[in-house]
Amino acid sequence: MDRGISVRDVLSDSWDLAKNNFWILIGFTVTQFVSLLIIGSLVTLVFGEASTFGLGLLTLFDAFFTVAFYQVFFKLIDQPGDAEFPDFIPNMVKALNFLIVKLIVGLGLAFASALLINLYYTAFAPDVQIDENSPFAWELLPVYILAAVGITFITVRTSFVTCFIVDQESGSSEAISQSWALTKGHFWFVFVLYLCMLGVNILGAMVIFIGLLFTVPFSSIILIIAYRHMANRYMEEEEILLEDVEKNDGN
């Protein structure tokens, strides 16, 4: 899997962090849910359900909450204890970079899916006609599988962009490059973490969906902990390489 880093270690450390800061976790999630519900209701009332402006406003608030969440829990990792009020105030630049990343990744996912689908039709089914009234026909199963492969690959490789934006104050394109580099050679390790997060959220949904108030943010904590483990190991390996180079130069 991943030498030196185990899924068990990541899940154990994530559980400890979430358990020790349970009320902060729940408070954050409830506040975000209620705030977005109120904002969404007001936007729908004023601009209508299909308002592009309303969707953009909700996306902006979601970015602020996401950045604030990551800020708080990185602070709790580095300095265990109660978070202070300024930690809950999202950084505007980081939030904007997060939005830009979401746009870039979204376009990337759409492009990758469309490319794989077009390649499939060109190579294996040039004469197949898509029935708009039956989009889930069995003939289209390979198309959906190819789209899922593309989405999964990009999602895994860009898993830590938010971590880099918040923890290292990286720009949007820099964060994508850093996440791509960090996940190189560790695809299946991160993929298994996503399967664990899926399982955790299924369990949360089974508890009358109330459990999702804990399991959804807990999934973000899993990514934060995995990022810290992988980033620290990456830095250690880089230092070892530099030491080896210096020794070789000395000889």
Set of residues satisfying side chain to side chain donor-acceptor pair (under 3.5 Å) with respect to Q178, sequence neighbours excluded: S170
Rounded to the nearest 0.5 angstrom, the OG-CD1 distance for S179 and I176 is 8.5 Å
Show me the donor-acceptor pairs within less than 3.5 Å that the side chains of residues 17-24 make with the rest of the protein, sequence neighbours left out.
from: N20; atom 1: ND2; to: D16; atom 2: O; distance (Å): 3.0
from: N21; atom 1: ND2; to: L17; atom 2: O; distance (Å): 2.9

Validation row: H186, I5 side chains within 4.5 angstrom (heavy atoms): no
Please identify each residue that fulfils ring pair (Phe, Tyr, Trp, His ring centres under 6.0 Å) with F191, with sequence neighbours left out. W188
Can you confirm whether F187 is buried at CZ, in the sense that more than 12 heavy atoms of other residues, nucleotides or ligands lie under 6.0 Å from that atom? yes
Is it possible for you to say whether V30 and F73 belong to one hydrophobic cluster, with membership spreading through side-chain heavy-atom contacts below 4.5 Å? yes
Shared ILVMFWY cluster between L96 and Y70, side chains joined below 4.5 angstrom? no
Scan for salt bridge (charged side-chain N to carboxylate O under 4.0 Å, His left out) pairs involving residues 20-38, sequence neighbours excluded, and state none if there are none. none
Mind checking whether M197 and L203 sit in one hydrophobic cluster, side chains of I, L, V, M, F, W, Y counted as touching below 4.5 Å? no
Taking every non-hydrogen atom, the tightest pair across R228 and D167: NH2-OD1, 2.9 Å
Which residues pass the side chain to side chain contact (heavy atoms under 4.5 Å, CB included) test with V207, sequence neighbours left out? none
Side-chain donor-acceptor distances from residues 58-69 under 3.5 Å, at least two apart:
from: T59; atom 1: OG1; to: L55; atom 2: O; distance (Å): 2.8
from: D62; atom 1: OD1; to: Q32; atom 2: NE2; distance (Å): 3.1
from: T66; atom 1: OG1; to: D62; atom 2: O; distance (Å): 2.8

Would you compute the distance between atom OH of Y194 and atom SG of C196 and round it to the nearest 0.5 angstrom? 12.5 Å
Would you list the atom pairs, donor with acceptor, under 3.5 Å between side chains in residues 145-158 and any protein atom, with sequence neighbours excluded?
from: T152; atom 1: OG1; to: A148; atom 2: O; distance (Å): 2.7
from: T155; atom 1: OG1; to: I151; atom 2: O; distance (Å): 2.7
from: R157; atom 1: NE; to: T183; atom 2: OG1; distance (Å): 2.8
from: R157; atom 1: NH2; to: W180; atom 2: O; distance (Å): 2.6
from: T158; atom 1: OG1; to: I154; atom 2: O; distance (Å): 2.6

Partners of L107 by side chain to side chain contact (heavy atoms under 4.5 Å, CB included), sequence neighbours excluded? L103
Quick one: does Q71's side chain have a donor or acceptor within less than 3.5 Å of a partner on I89's backbone? yes
NZ-CE distance between K184 and M230, expressed to the nearest 0.5 angstrom: 13.0 Å
With sequence neighbours left out, write down each residue that passes side chain to side chain donor-acceptor pair (under 3.5 Å) with K75, or none if nothing qualifies. D87
Filter on side-chain hydrogen bond (donor to acceptor under 3.5 Å, both in side chains), then keep only pairs touching residues 91-104, sequence neighbours left out; what's left? none
Identify the two heavy atoms, one from A175 and one from I165, that lie closest to each other, and give their separation to 0.1 Å. CB-CG1, 3.7 Å
Do any side-chain atoms of residues 210-226 form donor-acceptor pairs under 3.5 angstrom with protein atoms, and if so which ones, sequence neighbours left out?
from: T215; atom 1: OG1; to: N201; atom 2: OD1; distance (Å): 3.0
from: T215; atom 1: OG1; to: G211; atom 2: O; distance (Å): 3.3
from: S219; atom 1: OG; to: N201; atom 2: ND2; distance (Å): 2.9
from: S219; atom 1: OG; to: T215; atom 2: O; distance (Å): 2.9

Are L198 and V190 grouped together when hydrophobic residues (ILVMFWY) are joined by side-chain heavy atoms under 4.5 angstrom apart? no
Does I202 belong to the same Ile/Leu/Val/Met/Phe/Trp/Tyr cluster as L11, with side-chain heavy atoms less than 4.5 Å apart forming each link? no
List for me each residue that meets ring pair (Phe, Tyr, Trp, His ring centres under 6.0 Å) alongside F164, sequence neighbours excluded, and say none if there are none. Y227
